[in-house]
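To find a chain, count down the sequence lines: A is the first, B the second, and so on, and within it residues start at 1.
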2 protein chains.
Amino acid sequence: MEHRLDRIKKELHAKSYKLTPQREATVRVLLEREEDHLSAEDVYLLVKEKAPEIGLATVYRTLELLTELNIVDKINFGDGVSRYDLRKEGAKHSHHHLVCTDCGSVEEIIEDLLDDVEKIVAKEWGFLVKDHRLTFHGICKNCQEKDNEERSE
Amino acid sequence: MEHRLDRIKKELHAKSYKLTPQREATVRVLLEREEDHLSAEDVYLLVKEKAPEIGLATVYRTLELLTELNIVDKINFGDGVSRYDLRKEGAKHSHHHLVCTDCGSVEEIIEDLLDDVEKIVAKEWGFLVKDHRLTFHGICKNCQEKDNEERSE
DNA sequence: TACTAAATAATAATAATTATAACTTAATAA
DNA sequence: TTATTAAGTTATAATTATTATTATTTAGTA
Ligand SMILES: [Mn+2]
Ligand SMILES: [Mn+2]
Ligand SMILES: [Zn+2]
Ligand SMILES: [Zn+2]
């Protein structure tokens, strides 16, 4: 954790952004809750535990900055809020998501499954792909099993 | 156009929703601007030309209903608004998009490029895919050509 | 330690979306 | 056709998410 924090500190300094305690606290929250997909408000409430004086606008500004630096991805699952998702160390692209329409769970696919598709897009559409957003909507393994049990009772 | 409108009328009636003039006007706008990706406000302004007395909330309700019926897809390109995208006739899935980060243009890919990926997701993650959202961010053909010209000058 | 651009807190403002309540109407069937 | 009524609409208010403003503070640097 300290390792990744250090890398992020360096990325900030490399672009001559200051490392404030507020920014550090925000990054710590994102690292601690890496699996989650927190909204700005979620992040704000968690950061407040470490740095109670922080303002919501500062959290928004920090998340915007981290997005600009590609440290986090700003994603949207169709509820009214933006969510902020830490990139895996060294990842070039946003990772994929599996959203269960039944229980609401969100699984992550770290492996990049789009290489072939991107080749087609480059070839057929002449589009130079820089990044992607891929989300599947459907029924997660758990919910399928639950359904099966209920049906066989 | 009248053909597709009729189909949509029938889909509404099949679920015992009424076809009001406001809904018809909204659907007509969506059909006329099929290539575009209109926000609720965009739709509202266009519908007002046909039905000046319509309210913005009615447009929101109508778009919500059409989304529920999978006649439109509610999509989000990361600017602050939801956009409403008519499904192609008979399409089971939301289609893909190419968003140019340079000029802001949005191209559509109607062909479904995710069949193979979905098979992997089903097999490896046990996830039952019902729909997907795929957007590529990058540089469109036009902007690439413009860049090349400038560089060679 | 002093300097200064950058960042923050504490608002206020804006923009998008949803809720409420009184009125209107599309579909249905007598 | 007309009466009925659940569903839908308008007008407006409220809520929620996000961004802007401004006076104050501070991180990085010399
Ligand atoms: Mn994720
Ligand atoms: Mn589209
Ligand atoms: Zn589930
Ligand atoms: Zn372009």
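Applying the 4.0 Å criterion to OP1 and OP2 of D/dG8, one finds that B/Arg23 has a side-chain N or O inside that range. In this structure, A/Thr20 does not reach the C/dA7 phosphate: none of its side-chain N or O atoms is under 4.0 Å from OP1 or OP2. In this model, the phosphate group of D/dT10 is approached by a side-chain N or O of B/Gln22 to a distance below 4.0 Å at OP1 or OP2. B/Ser82 has a side-chain polar atom (N or O) that falls below the 4.0 Å cut-off from OP1 or OP2 of C/dT17. For D/dT18, one of the phosphate oxygens OP1 or OP2 lies less than 4.0 angstrom from a side-chain nitrogen or oxygen of A/Tyr60.
Closest-nucleotide positions on DNA chain C for B/Leu19 and B/Ser39 were compared, and the one nearer the 5' end corresponds to B/Ser39. Each of A/Gly55 and B/Val81 was matched to the nucleotide of DNA chain C holding its nearest heavy atom; the match closer to the 5' end belongs to A/Gly55. Annotation: of the two residues near DNA chain D, B/Glu53 and B/Ser16, the 5′-most nearest-nucleotide partner is B/Ser16.
The nearest whole Å value for the distance from the CD atom in A/Glu24 to the C1' atom in C/dA7 is 16 Å. Rounding to whole angstrom units, CG of residue A/Leu56 and P of C/dA12 are separated by 15 Å. In this structure, B/Asn76 atom CG and D/dT18 atom P are separated by 10 Å, rounded to whole Å. Here the C1' atom of nucleotide D/dG28 and the NZ atom of A/Lys10 are 17 Å apart, to the nearest Å. The CD-P distance, from A/Glu68 to D/dT19, rounds to 14 Å in whole Å. Note: CG (A/Leu45) to C1' (D/dA17) measures 14 Å, nearest angstrom. In this structure, CG of B/Leu12 is placed 13 Å from C1' of C/dA27, rounded to the nearest angstrom. If you measure from atom CG of B/Leu65 to atom P of D/dA7, you get 13 Å, rounded to the nearest angstrom.
There is no path of hydrophobic side-chain contacts, each under 4.5 Å, that joins A/Leu45 to A/Val81.
Ring centroid separation for the pair A/His97 and A/His95 comes in under the 6.0 Å cut-off.
Checking D/dT9, D/dA27, D/dT12 against every side-chain atom of B/Arg61, the shortest atom distance belongs to D/dT9. With distances taken from any side-chain atom of B/Lys18 to the nucleotides D/dT10, C/dT8, D/dA7, the minimum falls on D/dA7. Taking the side chain of A/His13 as heavy atoms from C-beta on, and the options C/dT11, D/dT18, D/dG28, the nearest nucleotide is D/dG28.
Using a 30° and 60° split on the angle between ring planes, A/His132 and A/His96 fall in the tilted class, from 30° to 60°.
Considering CD of B/Glu35 and CG of B/Leu86, their distance stands at 10.0 Å, rounded to 0.5 Å.
Side-chain contact annotation: A/Thr58 with A/Arg61, donor-acceptor N/O pair under 3.5 Å present.
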